[in-house]
Amino acid sequence: MKQLVNTKMLGAILICAVLGLVPGRAVGFLQTTKVDGRIGADVGAVWLGLYYTAPTFRMRVEFKSDKQQTFPVAPVPAELRPLMPGDTGAVLTEEVSGEHTKGATLFKGDIITAVDGLPVAGVEGLSERLAAIDDKDWAIITIVRPSLKQTAANIVKIRYGSKVEEIDGASVITGETIFVQWLDGVLPFADEVEAARQGKSLFMPSSAQIDAAGKNWYRLESPEYSLFVGGEHRVVGADDYELELRKDPNLESTEFAMISTMKGNPALGGGTTIAIYGFREVGSDKMSGSYVQSSMASAPFPISIDFIGAFKLIKLAEFSMKDAEFRKSEEDKQAGVEDKQNWDSIQLEPDVPARP
């Protein structure tokens, strides 16, 4: 007997499986987690992640007159606070361009967040930074552009475990294990998120939409193409921030941080995305804080795109492996269908050659 195998089809299936491109399935991709220091909070659950961000730029500005008059600013309005946690930044009330910026433009509504790399704390903070520039007539200004703001969303699973020991009569956490996993899945309100992205607005799902995501998170349909094919997460307690993290103004007054390095899908250009979460509010049902994302595209040539803003994690369910169980069930069903199709495609050669 001979079984005729369609090698091209088999190769295509394998490539799609490796890249997470098989449609109609909840796709999980390889991820690892490292823990540094003590977190001290049970963050284990299935969370809905909401990310409110805007692109950030750096621009050289030359001062042709009084430095303070170069930037007409006001406090950041409440509607833009989701992008700027804390008392960070000052918003421009008029456009700044021409001879100050060598043809580039700072637009009305842009938020100045730093001068020469030093963070700006409100309008007074900007005045203080400008007053400190006394030996030159230029500065590098960092801005966030809310006119290009956007909303993104995903599912985040966090498994948490701790070891508690009695020391001097008190219960002390002496060890923690954390596993973080981003999941691919088309959320029930994916169309609204995309519309908000295209409309440069911020989107918050309704209670009904959040409930729907909570009931179906483990069996969400996979996207046509997975954004990522692998990743590494690092969770760091505030007491163990290294110098670079301590200097990051977005992590000021945070309880812990999570740094996620995600590998982009080669089918979508590949590249690497680094996301930094600064957890400020940590609760059993909600968590929030600052969020910074830097994406380095690999094709057609490297381009770094940085976004800054805030995140919210809303609890959908207790941690479980229902997604893996559901995926295994679906794969078994699909394997049964493919086995039947393969059996039907088998062609048998007769044991005795046909008589001429």
Side-chain angles (χ1 to χ4, degrees), residues 16 19-31 43-54 82-83 148-159 179-231 233 258 260 262-265 267-268 273 275 277 279 283-289 291 293 295 307 309-331:
C16 287
L19 297 184
L21 304 182
V22 180
R25 299 182 184 176
V27 177
F29 44 89
L30 180 63
Q31 298 165 74
V43 295
V46 179
W47 304 90
L48 168 65
L50 297 168
Y51 312 94
Y52 303 114
T53 61
L83 297 174
L148 299 179
K149 59 185 177 295
Q150 63 179 15
T151 301
N154 71 343
I155 301 293
V156 181
K157 280 180 60 178
I158 303 178
R159 183 178 63 205
F179 175 72
V180 180
Q181 186 180 30
W182 288 11
L183 297 183
D184 259 344
V186 180
L187 291 163
F189 43 86
D191 290 342
E192 287 93 327
V193 173
E194 177 60 20
R197 187 188 69 81
Q198 294 185 10
K200 307 298 186 295
S201 61
L202 303 180
F203 170 77
M204 178 67 186
S206 66
S207 297
Q209 289 173 320
I210 293 174
D211 290 342
K215 293 176 181 178
N216 298 287
W217 69 269
Y218 63 93
R219 57 181 180 182
L220 296 177
E221 182 180 352
S222 67
E224 183 178 2
Y225 295 100
S226 296
L227 291 177
F228 304 105
V229 295
H233 308 283
M258 183 170 76
S260 298
M262 310 302 292
K263 299 177 182 178
N265 191 332
L268 299 177
T273 295
Y277 300 72
F279 287 79
S284 58
D285 295 320
K286 294 181 181 179
M287 296 192 288
S288 62
Y291 181 79
Q293 176 180 298
S295 298
F307 291 85
F311 76 90
K312 293 182 180 180
L313 293 182
I314 301 173
K315 185 176 179 178
L316 296 180
E318 298 295 337
F319 177 87
S320 76
M321 298 301 294
K322 291 176 69 173
D323 56 320
E325 295 166 0
F326 178 77
R327 185 163 61 248
K328 179 66 166 57
S329 174
E330 293 297 296
E331 289 173 351

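Just so it is clear, the structure is predicted and the values come from calculations on it, not from any experiment.
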Problem set entry | Donor-acceptor side-chain pairing of Ser226 and Asp184 below 3.5 angstrom | yes

Problem set entry | Side chain to side chain, Met204 and Ile210, heavy atoms closer than 4.5 Å | yes

Exercise. Given side chains that start at C-beta, do those of Val46 and Lys315 come closer than 4.5 Å, heavy atoms only?
Worked result: no

Exercise. What closest approach, in Å, do Phe29 and Gly230 show between heavy atoms, and which atom pair accounts for it?
Worked result: CD1-N, 3.6 Å

Problem set entry | Flag if over 12 foreign heavy atoms under 6.0 Å of NZ, Lys312 | no

Exercise. Nearest 0.5 Å, what's the OG-OH distance between Ser260 and Tyr291?
Worked result: 7.5 Å

For this session: Spell out, as yes or no, whether a donor-acceptor pair under 3.5 Å connects the side chain of Thr151 to the backbone of Phe203.
Result: yes

Problem set entry | Asp323/Arg219 ion pair, N-O < 4.0 Å | no

Exercise. Quick one: does Tyr51's side chain get under 4.5 Å of Gln293's, heavy atoms only?
Worked result: no

Problem set entry | Check: Phe279 ring centroid to Phe311 ring centroid under 6.0 Å | yes

Exercise. Do the non-hydrogen side-chain atoms of Pro205 and Leu48 ever get within less than 4.5 Å of each other?
Worked result: yes

Exercise. Using 30° and 60° as the class limits, which term best fits the ring planes of Tyr277 and Trp182: parallel, tilted or perpendicular?
Worked result: perpendicular

For this session: Might you work through the side chain to side chain contact (heavy atoms under 4.5 Å, CB included) test for Val156 and Leu183, ending with a clear yes or no?
Result: CA-CA 6 Å; Val156 181; Leu183 297 183; over 6 Å; no

Seminar exercise, completed: When rounded to the nearest 0.5 Å, the distance separating CG of Leu30 from CD of Gln181 is 9.5 Å

Give every donor-acceptor pair under 3.5 Å between a side-chain atom in residues 194-201 and any protein atom, sequence neighbours left out.
residue, atom, partner, partner atom, Å
Glu194, OE1, Arg197, NE, 3.1
Glu194, OE2, Arg197, NE, 3.4
Glu194, OE2, Arg197, NH2, 2.6
Glu194, OE2, Gln198, NE2, 2.8

For this session: Please lay out, stage by stage, how Leu50 and Ile314 fare under the test side chain to side chain contact (heavy atoms under 4.5 Å, CB included).
Result: CA-CA 8 Å; Leu50 297 168; Ile314 301 173; 3.9 Å; yes

Problem set entry | Flag side-chain contact, heavy atom, 4.5 Å: Ile155 against Leu220 | yes

Exercise. Once you round to the nearest 0.5 Å, how far does CG of Asn154 lie from CH2 of Trp47?
Worked result: 13.5 Å

Exercise. Going by heavy atoms in the side chains, are Pro188 and Gln209 under 4.5 Å from each other?
Worked result: no

Problem set entry | Heavy-atom side-chain proximity of Leu313 to Lys286 below 4.5 angstrom | no

Exercise. Just wondering, do Lys149 and Leu202 contact through their side chains at under 4.5 Å, heavy atoms?
Worked result: yes

